[in-house]
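Worksheet for the structure shown next.
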Amino acid sequence: MAGAPAVITATPEDSVHIQTTAVQTLRDHEHGAVVPPVHLSSTFELDPETESNPFAYQRGSNPTRAQLETVLAALEGSEHAFAFATGMAATAAAFSTLESGDEVLLSASVYGGTFRFIDKVFPGRRLTGRFVADLGALTDADFTEHTKMVFVETPANPTLRVTDLRRISELAHRHGALVVVDNTFMTPVLQRPLELGADVVVQSATKFLAGHSDLLAGTVATNDAGLAEAYALSQKAEGGVLSPFDAYRLIQDLKTLPLRLERQQANAIALRHFLDAREDISQVWFPGSHSEEEARIHASQASGPGAVVSFELAPGLDRVTFLRALRFPAFAVSLGGVESLICRPATMTHEAMTDQARSEAGISDQMLRLSVGIEDERDLIADLEQALVAAAR
Ligand SMILES: *Cc1c(COP(=O)(O)O)cnc(C)c1O
């Protein structure tokens, strides 16, 4: 862990289950507090003789951020974990190890902000991002001497396409390329990419990890000491770190992550079955919906489908009327919170993509992406049903 905390130690070993790890990892052994303290100090006294203190200045390290990083590493089962101010700062840290001339392979269906980074920031750094329609179909021939990274989202946002992490890791490593997985949609509760061969996991903690739509944060985890040094350097040199207050809040939020996700996922499965059975819904996307092969892969590397479902209204329905008629899911970007949200990726989360890039990625103009919350599933289904009826008029 970056700046391993002196007082707070990680207790549960890997013999316990993830809900226990989420709740029990931190104890304040100095005072016996059940909830860890928040250290707001931007600067800490140094020992006059050695002139050192691992927490000397908050950008480099901070006891509360280090506590959070301890919990994140325990949840990921990783040697190292880092907390950033946003998911994009975490992704930027993962890209910080690339050098001029390097190429990154990515799925065409990728988070819109990641697309923007590749589209707008990569050229100035003389980096190339090569989007491929299906990462699962990559072969040796797709790698060149410049290919230094494969960046994978599985399931991908918002098409929920699935990539075989074991296969892609084996393939990339044969060509000396790193595998970075954006695990935002799954979290370590449902999918653990490092155990499947990936080198790095990044997440937007803004989504499921924080889970209450009131906090931005990002995480990076790895078992590689060299990469860990680079991410610690990114925190210190580029400065996109999480504040102690937000680190504290995320520690508290993480305690209910497995619990929240269990309910959200159960609701999402119920809604998917409801949507699947409707004649006024022309298509439903969820992890594994693309093909039996993808369903098999997802089942082999993740323990559930998560809580995001995408769908399209049948041609006769009016989208605006449908969205206006909805009582519960707010029409808003973002996902993973306890409250359901619905958005239209083509014009909202993925507006940074060109029309052609969106169509290659399989993101139709009419696709709606539903992030399912913890509300009572009966209320969510009744709500969707009445909005569909209203939209047909
Ligand atoms: C939201 C999101 C991000 C970016 O996270 P921020 O916290 O908004 O910066 C990255 N990847 C995925 C898959 C996301 O959904």
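Note that this is a predicted model, so its numbers are computed, not measured. Whatever order the structure lists them in is the order used to number ligands and atoms, beginning at 1.
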### Message
Tell me whether Met88 has any N or O atom under 3.5 angstrom from an N or O of ligand 1.
### Response
yes
### Task
Starting from atom 8 (O) of ligand 1, find the nearest protein heavy-atom neighbour and note its residue, name and distance.
Tyr111 OH, 3.9 Å
### Task
Just need the protein heavy atom nearest to atom 2 (C) of ligand 1, so name the residue and atom and give the distance.
Lys207 NZ, 2.5 Å
### Query
In terms of residue, atom name and distance, what is the protein heavy atom nearest to atom 6 (P) of ligand 1?
Gly87 N, 3.3 Å
### Task
Using distance alone, with no hydrogens and no angle criterion, decide if His173 and Asp199 have a side-chain donor and acceptor under 3.5 Å apart.
yes
### Message
So, regarding Glu153 and ligand 1 (criterion: nitrogen or oxygen to nitrogen or oxygen, under 3.5 Å), is there a contact or not?
### Response
no
### Task
Give the atoms of ligand 1, by number and element, whose distance to some non-hydrogen atom of Asp182 is under 4.0 Å.
10 (C), 11 (N), 12 (C), 13 (C)
### Donor + acceptor pair across side chains of Thr184, Asp182 (<3.5 Å)
yes
### Query
Considering distance alone, does some N or O of Ser204 sit under 3.5 Å from an N or O of ligand 1?
yes
### Check: Arg327/Gln386 side-chain N/O donor and acceptor closer than 3.5 Å
no
#### Entry: Interfacing atoms of ligand 1 (cut-off 4.0 Å, heavy-atom, Thr206)
6 (P), 7 (O)
### Query
Going by atom types only, do Asn62 and His39 share a side-chain donor-acceptor pair under 3.5 Å?
no
### Query
Applying the salt bridge (Lys or Arg N to Asp or Glu O under 4.0 Å) test to Glu351, which of Arg116, Arg344, Arg358 qualifies?
Arg116
### Message
Tell me whether Glu170 is salt-bridged to Arg166, with the criterion being a basic N under 4.0 Å from an acidic carboxylate O.
### Response
no
